[in-house]
Peer 1: 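Just passing along the structure, written as structure tokens.
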Amino acid sequence: MLNDTITHAERELYLTLLELAQQYPSAYEWLKQLPMWLGDIKDKANYAHAPAYQASVARLPSLMVNHVDLNSDTLTIEADLNESQRKQTTALLKQLMPWRKGPFQIGDDESGIKIDTEWHSDWKWKRVAPHLSRLDGRRVLDVGGGSGYHGWRMAGAGADTVIIIDPSCLFYHQFMAIRHFVGTADAHETGRYRTHYIPVPLEALPEHSQLFDTVFSMGVLYHRASPFEHLQQLRGQLVKGGELVLETLVIEGDANTVLVPHDRYAQMNNVYFLPSVAALTGWLEKAGFSDVRCVDVAVTSTEEQRKTEWMTYHSLADFLDPNDATKTIEGYPAPMRATLIAKK
């Protein structure tokens, strides 16, 4: 028997936006485009694997879920699984590989399913979370949210509404797979879900919506050929006085230091600009943000990003100079990430 997880989640998203639009008319622009956004991601002409991904989610079994912990490092769904359910669920979730952002646990430690993702996304959350304004009651936008791990953590931290956006067909269905097991654990007292996913990039959103108290952009800026345009788009989604959380690759240097990789950076061919923290601070101020502060700088380790059973392709260790881990295979400084927080 197939489940209706995706249909129900999309209906919850529609009702959330409809309710929001009654107070903030700019949300009506989102509602107008929502059918197209949700239709495009399922169109085989756009994404050859879309039907297979949908089928994998729809075939996930119903489990007796005892508790969902959105605040644990490993997002944990305590559920009773018999051996047949464990095998079926594992096989279906592996059809949604590679799993990059997590980790997730379904069932208990011994007989459950541990989705050991490429990234220890919990490490990033630990670095970022202590510096945030309280998320209680806030509307949050998570740009480039991947499988949704951080979005679930934002809901666990008390956010009233979390909308994750990412144009990846695979990541959208990974989120829906986790949603299937989370069920109503993140719901308001009214039963309305708090955590939602729209499979679009930031530039597809209506400009100047000004709907969100907090906007996250983590691991996105360096993929943008026009970083100032990205910053302006982020600013346009924030309410006045809202908070931007920006995490991106940086290099050491002064306010005039920016690395522009000639071809690839750590084997990524879509990396455009790596500024210093000082340069990035200037960019944010030039884009109209204030109270800019850098709250964390961390070199990415091969323990935080690595190959696993759930992501079997090349990972960070393959992208570093085998004789000097402080450099990428191309000879650039190894990945270092900074988190900056700013106000609109």
Side-chain angles (χ1 to χ4, degrees), residues 5 56-57 60-61 63-82 85-130 132 135 140 142 144-159 162 164 166 170-187 193-195 197 216 218-219 247 296 298 300-313 315-316 337 339:
T5 295
S56 295
V57 175
L60 289 168
L63 302 178
M64 180 65 69
V65 175
N66 303 312
H67 178 67
V68 175
D69 189 350
L70 300 179
N71 288 311
S72 62
D73 293 343
T74 299
L75 194 149
T76 303
I77 299 153
E78 297 177 10
D80 300 323
L81 288 86
N82 59 39
Q85 290 171 327
R86 189 186 67 79
K87 288 182 177 179
Q88 179 187 7
T89 301
T90 300
L92 290 169
L93 292 175
K94 287 203 168 185
Q95 289 177 15
L96 299 175
M97 288 171 57
W99 286 79
R100 297 192 182 276
K101 303 292 178 67
F104 304 95
Q105 172 88 21
I106 302 167
D108 60 36
D109 290 337
E110 293 184 5
S111 60
I113 302 163
K114 173 69 177 291
I115 303 177
D116 186 15
T117 50
E118 177 188 16
W119 281 90
H120 260 296
S121 304
D122 51 315
W123 293 13
K124 181 182 294 188
W125 186 248
K126 281 183 177 180
R127 293 194 295 264
V128 171
L132 304 175
L135 294 181
V140 177
D142 183 17
S147 67
Y149 173 86
H150 289 123
W152 293 117
R153 296 301 303 270
M154 294 165 199
V162 178
I164 303 158
D166 195 302
L170 174 62
F171 295 161
Y172 181 68
H173 290 92
Q174 289 176 348
F175 170 85
M176 289 299 176
I178 300 301
R179 162 57 76 192
H180 174 74
F181 297 114
V182 169
T184 59
D186 70 321
Y193 288 172
R194 288 188 293 132
T195 315
Y197 203 116
F216 289 82
M218 299 194 292
E247 189 259 15
D296 182 77
T300 306
S301 70
T302 52
E303 287 76 38
E304 182 173 2
Q305 182 189 9
R306 73 274 191 258
K307 184 186 304 185
T308 74
E309 177 187 350
W310 292 82
M311 205 299 294
T312 58
Y313 304 117
S315 191
L316 180 59
R337 293 171 179 268
T339 302

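Just so you know, these numbers use all the heavy atoms, side chains as well, and skip hydrogens, waters and symmetry mates.
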Peer 1: So, the side chain of Trp119 versus the backbone of Lys124: is there a donor-acceptor pair under 3.5 Å, distance only?
Peer 2: no

Peer 1: How close do Leu135 and Ala157 get, heavy atom to heavy atom, and via which atoms?
Peer 2: CD1-CB, 3.9 Å

Peer 1: For a quick test of reading the model, state the closest non-hydrogen atom pair linking Ser72 to Arg153 and the distance between them.
Peer 2: O-NH1, 3.3 Å

Peer 1: For the atom pair CG (Leu70) and OG1 (Thr76), what is the distance rounded to the nearest 0.5 Å?
Peer 2: 9.5 Å

Peer 1: Tell me which one of Asp116, Thr117, Asp122 satisfies side-chain hydrogen bond (donor to acceptor under 3.5 Å, both in side chains) with His120.
Peer 2: Asp122

Peer 1: Measure up the Phe175 and Trp152 rings against each other and bin them: parallel (under 30°), tilted (30 to 60°), perpendicular (over 60°).
Peer 2: parallel

Peer 1: Of all the heavy-atom pairs spanning Ala298 and Asp296, show the shortest one and how long it is.
Peer 2: CB-OD2, 3.8 Å

Peer 1: Under a 4.5 Å cut-off applied to non-hydrogen side-chain atoms, are Ile178 and Ser147 in contact?
Peer 2: no

Peer 1: Could you please spell out the steps behind the side-chain contact (heavy atoms from CB on, under 4.5 Å) verdict for Leu63 and Ile106?
Peer 2: CA-CA 10 Å; Leu63 302 178; Ile106 302 167; 4.0 Å; yes

Peer 1: Whether the side chain of Arg86 engages the backbone of Ile113 through a donor-acceptor N/O pair (distance < 3.5 Å, no angle test) should be reported.
Peer 2: no

Peer 1: Report the relative orientation of the aromatic rings in Phe104 and Tyr149; use parallel for angles under 30°, tilted for 30 to 60°, perpendicular for over 60°.
Peer 2: perpendicular

Peer 1: Does any non-hydrogen side-chain atom of Thr5 lie less than 4.5 Å from one of Leu60?
Peer 2: no

Peer 1: Taking the side chain from Arg337 and the backbone from Met218, do they hold a donor-acceptor pair closer than 3.5 Å?
Peer 2: no

Peer 1: Find the distance between CG (Asp108) and CD (Glu78) and round it off to the nearest 0.5 Å.
Peer 2: 9.0 Å

Peer 1: For a side-chain contact (heavy atoms from CB on, under 4.5 Å) check, start with the C-alpha distance between Phe216 and His150, then their side-chain angles and the critical distance, and finish with the verdict.
Peer 2: CA-CA 10 Å; Phe216 289 82; His150 289 123; over 6 Å; no

Peer 1: Would you check if Pro98 and Trp310 make a side-chain contact, meaning some heavy-atom pair closer than 4.5 Å?
Peer 2: no

Peer 1: Hey, what do you get for CG (Leu316) to OG (Ser301), rounding to the nearest 0.5 Å?
Peer 2: 7.5 Å

Peer 1: Kindly compute the distance separating CD1 (Ile77) from CD1 (Ile115), expressed to the nearest 0.5 Å.
Peer 2: 8.0 Å

Peer 1: Nearest 0.5 Å, what's the NZ-CG distance between Lys101 and Asp166?
Peer 2: 8.0 Å

Peer 1: If we only count heavy atoms from C-beta on, is the Phe171 to Arg100 side-chain gap below 4.5 Å?
Peer 2: yes

Peer 1: I need the single residue from Leu93, Leu170, Thr308 that forms a side-chain contact (heavy atoms from CB on, under 4.5 Å) with Trp99. Which is it?
Peer 2: Leu93

Peer 1: Does the side chain of Asn66 reach to within under 4.5 Å of the side chain of Asp80, using non-hydrogen atoms?
Peer 2: yes

Peer 1: Go through it in stages, so that I can follow the logic: the residues are Glu118 and Ser315, the test is side-chain hydrogen bond (donor to acceptor under 3.5 Å, both in side chains), and I'd like the CA-CA distance, side-chain angles, deciding distance and then a yes or no.
Peer 2: CA-CA 8 Å; Glu118 177 188 16; Ser315 191; 2.8 Å; yes

Peer 1: Is there a side-chain contact between Leu96 and Val57 in this structure, where contact means two heavy atoms from C-beta onward sitting under 4.5 Å apart?
Peer 2: yes

Peer 1: Could you state the interatomic distance from CG (Leu92) to NE2 (His180), rounded to the nearest 0.5 Å?
Peer 2: 9.5 Å

Peer 1: Of all heavy-atom pairs between Thr195 and Ala155, which one has the smallest distance, and what is that distance?
Peer 2: OG1-CB, 3.3 Å

Peer 1: Where is the tightest heavy-atom contact between Gly145 and Ile164, given as atom of each residue plus distance?
Peer 2: CA-CG2, 3.6 Å

Peer 1: Could you report the tightest heavy-atom contact between Val68 and Ala185, atom names first, then the distance?
Peer 2: CB-CB, 3.5 Å

Peer 1: Decide yes or no on salt bridge (charged side-chain N to carboxylate O under 4.0 Å, His left out) for Arg194 and Asp186, but give the supporting numbers first.
Peer 2: CA-CA 6 Å; Arg194 288 188 293 132; Asp186 70 321; 5.5 Å; no

Peer 1: Test salt bridge (charged side-chain N to carboxylate O under 4.0 Å, His left out) on Glu304 and Arg127 and set out the steps.
Peer 2: CA-CA 12 Å; Glu304 182 173 2; Arg127 293 194 295 264; 2.9 Å; yes

Peer 1: Check for me whether Arg179 meets the cation-pi criterion with Tyr193, that is, NZ or CZ under 6.0 Å from the six-membered ring centre and within 45 degrees of the ring axis.
Peer 2: yes

Peer 1: Using only atom types and a distance under 3.5 Å, with no angle test, would you say the side chain of Gln305 pairs donor to acceptor with the backbone of Thr302?
Peer 2: no

Peer 1: Hydrogens and angles aside, do Ser56 and Gln95 bring a side-chain donor and acceptor to less than 3.5 Å of each other?
Peer 2: yes

Peer 1: What's the verdict on salt bridge (charged side-chain N to carboxylate O under 4.0 Å, His left out) for Lys126 and Asp73, showing C-alpha distance, side-chain angles and the deciding distance?
Peer 2: CA-CA 9 Å; Lys126 281 183 177 180; Asp73 293 343; 3.1 Å; yes

